[in-house]
Structures are given as structure tokens and as C-alpha cells.
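Read the structure below first, then the notes.
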Amino acid sequence: MNILFFTQISPFPVTRGERIRSYGLLKALSNSGHTVHAIIGNEDKISFNDFNIKNVIFYEQSPKVFRKIDNLFGVSYFKKDNNLIDVFDNVLLKSSIKLAFLDYAFIGQYIKYFKNQGIPVIYGTHNSQSNLSWQKPVDGIYKKVIKFQRKLFQNFHERYYFNRADIIIVVSEKDKDFHSNFVSPKKLKVIPNFLDENRYLNNYLKEDYFVMTANFSAYMNAEGLKWFITNVWDEELDAKIKFKVVGQNSIQALSQIEASKKFLNIEAVGSVKEIYPYIGKAQGVIVPLLQGSGSRLKCLEAMALKTTIVSTNKGVEGLNSEGFYVCNTPEEFKSVLLNFEVNDIKADIAYVDFLENYSLKSAVHSMNATLKELLGVSQ
């Protein structure tokens, strides 16, 4: 079966949460035996030949740049990009498309294009999008007004478009509950975040540090790091443990935390080509999130690499496993870290749960069931 897959994300290189999800969906559709015509962004200007996926044909698409006045009035949430429509037309002209899969963000305005041509539509979410935007802390009246305005546009977009899709895929039961406020429950299907297990080797030798990996340009990661250093980290921990902060904007995020400047064993590494070695070699992964939705890919990476997770309840939200240390107070965090033992059994428990519920193999099974329900087809 020919499937058209569209996302504004640049899935390659596979280095951040939203990219990992989009890459995983492409792999799941491909491994289900279908031919996928993937219309994707290419922010990093990579060669798609370096990222071959069996049964996937790539088409590069540059997201439309809207004027500031358009963004102010929410045009970007509702206006179609005619150049993108031309790409859709070209793909449909060449191939008999049986399903359209729209992935992430606010692109519901394209559902009607496919429905008018008798093509069923699956809309994939990565989180509860408008709810996540609303959680972002801002200062000042102007920014608060802009935040409120954005929330209104996003709410309207979700309520006006999402129910027009045949299926809405969400990543957790909590996100399903959120979307059931404006989408028919029978259209909501949970396919958890997952990883291609073949990309993760878990034979790293453990070194003497803990790590937090993230895109620190995202507010929930920067806020979580700030909370952890300000409220948890102290002279006693600093004398015993090394803490590395790794990922996009990590150097800038750490430099803006005043409390970090008095400690010797906190290091910001910055962006790295491969994040896996930092997770795989760490004694544990710190996930001190206070905001967010969906589930954290950084946790799944730690599970796949058999590295113990020490997290707030919000950090492991959406993941079902007994293989985590869940700490919601500074005292709980500090106690776990000071008494931590390498090769803790929790990492093994989390790894088993990863293979069973959050691996590519499990996602292919869920994807096949969803496609069979919608179209009567599967592998």
C-alpha cells in the first residue's frame, strides 16, 4: 500500500525528541510492509541518501515562512501552503495513495485536501500540543497576552480540524484523555513513543557521572535543569558526584543558572553528534521535569541503554515501568543520588519493559492493528 507521510519536522539527523518520533513512525510504517512517500523538512540540509529507510521515498519540503503580521493573527494555524499542495499533487499523480499520515504540530488544515479525494487521514500527535504551550512560563504583560492569544489559536485549530481526521494517534493515556475533550474517543488510538531497538547498544562501561540530556532550547528542559541545580544540587552532592548537561543550548542554559557558578562538578557539554555514549556511560540519567506532556524520549533512550533513570513523576509520565526512581522533592533526589549503586537492578527492569512496550517491534504491531482497523490491511 502507498502511504503519503507529511511532517514539517526534519527527522534527520535523529538527535531530538520530535525527530526521534517522526523517524520512528516512518520506520514503523516501512516495517509494516508499505511504501511510504515521506514529505519532510530538511533543516540541516543533509543528503537523504545517508539516511536510507527501506520502502521510504523522501521529498524535501521547506516550511512556509509567514510574516510577523500573519503570525500575530494566527494565519499560520489555518492557511495552506500552495507550494506544499503542489508537492501533494505530484505525489498523488505518480502513485495510488491509499492513506495520508499527517505528523505533528498544527497542520490540520490539510486534512480536507485528502478527504476530498477519498483518502483516509491519520493525524499523529507527539503530545497535547496546546496544553504544552500553555504550560510555558512567561514574564511581562505583553508576553502573557501573546501566550494567551497563541493558546486560543491552537485550541481552535485542534477543535476545528482534529475531529475531521479518521484517526488521531496519541502517545499516552493521559494525552488520550486530553484529546477526548474535543475528538471522538473512538478515533483516538495510543501508540506510545518508541525507539528502534537496533540503533541502541547497551554494552557501555559505566563512568563516574550522572547526565541530563535534552534540547535545552525547549522551556521545560531549561526550567527543569534550573529547578534541579537550584533546589537539589548542593556542596555534598558536588563533592561526591559529577553532573554533565548535554544537548542543544546546554551551555547557554547552564550559564543562566546563577546557582551553578559555585559548583565544580557540573559541566555543560553542548550539542553533540551522538548522544547515546553520554547516556550509555552514565551511572544514571536525571530527568527533573516539572512541565510537559506525552512521554520523554530521553527516558526511553536510557531504558534502551540500560542506564538507571532518576526522575520527577512528570519526567516519566506516560511510561509504565517499575524501573525508575521517582523523586518529587529535593530531599528524595538527594537521597537517591547519595546512596546510588552502579548496575542497579532497576535498569534491567526498565530494559525489559522497553523491549515489550516501547520498541520498534511493539510499535509495528500497534501500527498494523491501527491500519487494519481503519483500512482492513496489515502486513
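Index from 1, following the sequence. None of the values given here were measured: they were computed from a predicted structure.
- No side-chain donor-acceptor contact under 3.5 Å links Asn328 to the backbone of Thr312.
- Taking 4.0 Å as the cut-off between side-chain N and carboxylate O, Asp208 and Lys242 do not count as a salt-bridged pair.
- Taking CD1 of Ile97 as the reference point, atom CZ of Phe114 lies at 8.5 Å (rounded to 0.5 Å).
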Stepwise salt bridge (Lys or Arg N to Asp or Glu O under 4.0 Å) test for Lys187 and Asp166
CA-CA 6 Å; Lys187 292 187 176 187; Asp166 295 275; over 6 Å; no
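- Under 3.5 Å, the side chains of Asn163 and Tyr123 contain no donor-acceptor pair of N or O atoms.
- Looking at Tyr110, its side chain does come within 3.5 Å of a backbone N or O of Asp81 through a donor-acceptor pair.
- Cluster annotation: Tyr104 and Phe5 are assigned to distinct hydrophobic clusters (Ile/Leu/Val/Met/Phe/Trp/Tyr, side-chain heavy-atom contacts under 4.5 Å, transitive).
- Inspection of the Asp103 and His126 side chains reveals an N or O donor paired with an N or O acceptor under 3.5 Å.
- Here Ile309 contributes atom CD1 and Ile286 contributes atom CD1; the two are 10.5 Å apart, rounded to the nearest 0.5 Å.
- Judged purely by atom type and a 3.5 angstrom limit, Arg19 uses its side chain to pair as donor or acceptor with the backbone of Ser10.
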Ignoring hydrogens and angles, write down the donor-acceptor pairs under 3.5 Å from the side chains of residues 52-59, residues two or more places apart or on other chains.
{"unit_1": "Asn52", "atom_1": "ND2", "unit_2": "Asn49", "atom_2": "O", "d": "3.3"}
{"unit_1": "Asn55", "atom_1": "ND2", "unit_2": "Ser30", "atom_2": "O", "d": "3.4"}
{"unit_1": "Tyr59", "atom_1": "OH", "unit_2": "His37", "atom_2": "ND1", "d": "3.1"}

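- Side chain of Asp238 to main chain of Leu264: a donor-acceptor pair is present (N/O by atom type, distance under 3.5 Å, no hydrogens or angles).
- In terms of modelled atom types and a separation under 3.5 Å, the side chain of Asn249 and the main chain of Gln252 share no donor-acceptor contact.
- The closest donor-acceptor contact from the side chain of Ser335 to the backbone of Glu331 lies at 3.5 Å or more, if one exists at all.
- The CG atom of Leu374 sits 5.5 Å away from the CD1 atom of Ile122 when rounded to the nearest 0.5 Å.
- Met303 and Leu201 end up in different hydrophobic clusters when Ile, Leu, Val, Met, Phe, Trp and Tyr side chains are linked at under 4.5 Å.
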Test ring-ring contact (aromatic ring centres under 6.0 Å, His included) on Tyr358 and Phe194 and set out the steps.
CA-CA 4 Å; Tyr358 306 108; Phe194 60 94; 9.6 Å; no
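- Between Gly280 and Tyr204, the shortest heavy-atom contact is O-CB, 3.4 Å.
- Residues Ile46 and Phe48 form a side-chain contact, since some pair of their non-hydrogen atoms from C-beta on lies under 4.5 Å apart.
- In this structure, Lys244 is not positioned above the aromatic face of Tyr278 in the sense of NZ or CZ being under 6.0 Å from the six-membered ring centre and within 45° of the axis.
- Taking the ring axis of Tyr23 as reference, the NZ or CZ atom of Arg199 stays within 45° of it and closer than 6.0 Å to the ring centre.
- Although no hydrogens or angles enter the test, the distance criterion places a donor-acceptor pair under 3.5 Å between the side chain of Glu332 and the main chain of Thr329.
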Mind running side chain to side chain contact (heavy atoms under 4.5 Å, CB included) on Val316 and Val287 for me, showing each step along the way?
CA-CA 8 Å; Val316 292; Val287 191; 5.8 Å; no
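- Residues Glu301 and Arg296 form no side-chain contact, since every pair of their non-hydrogen atoms from C-beta on lies 4.5 Å or further apart.
- By the 4.0 Å N-to-carboxylate-O rule, Lys314 lies close enough to Glu317 to be salt-bridged with it.
- Salt bridge status for Asp234 with Lys262: absent, with no side-chain N to carboxylate O gap under 4.0 Å.
- One finds no salt bridge joining Glu373 and Lys186 here, because no Lys/Arg side-chain nitrogen approaches an Asp/Glu carboxylate oxygen to under 4.0 Å.
- Of the possible donor and acceptor atoms, none in the side chain of Asn116 sits under 3.5 Å from a partner among the backbone N and O of Tyr113.
- Looking at Asp175, its side chain never comes within 3.5 Å of a backbone N or O of Val171 through a donor-acceptor pair.
- A donor-acceptor contact closer than 3.5 angstrom is absent between the side chains of Ser321 and Lys346.
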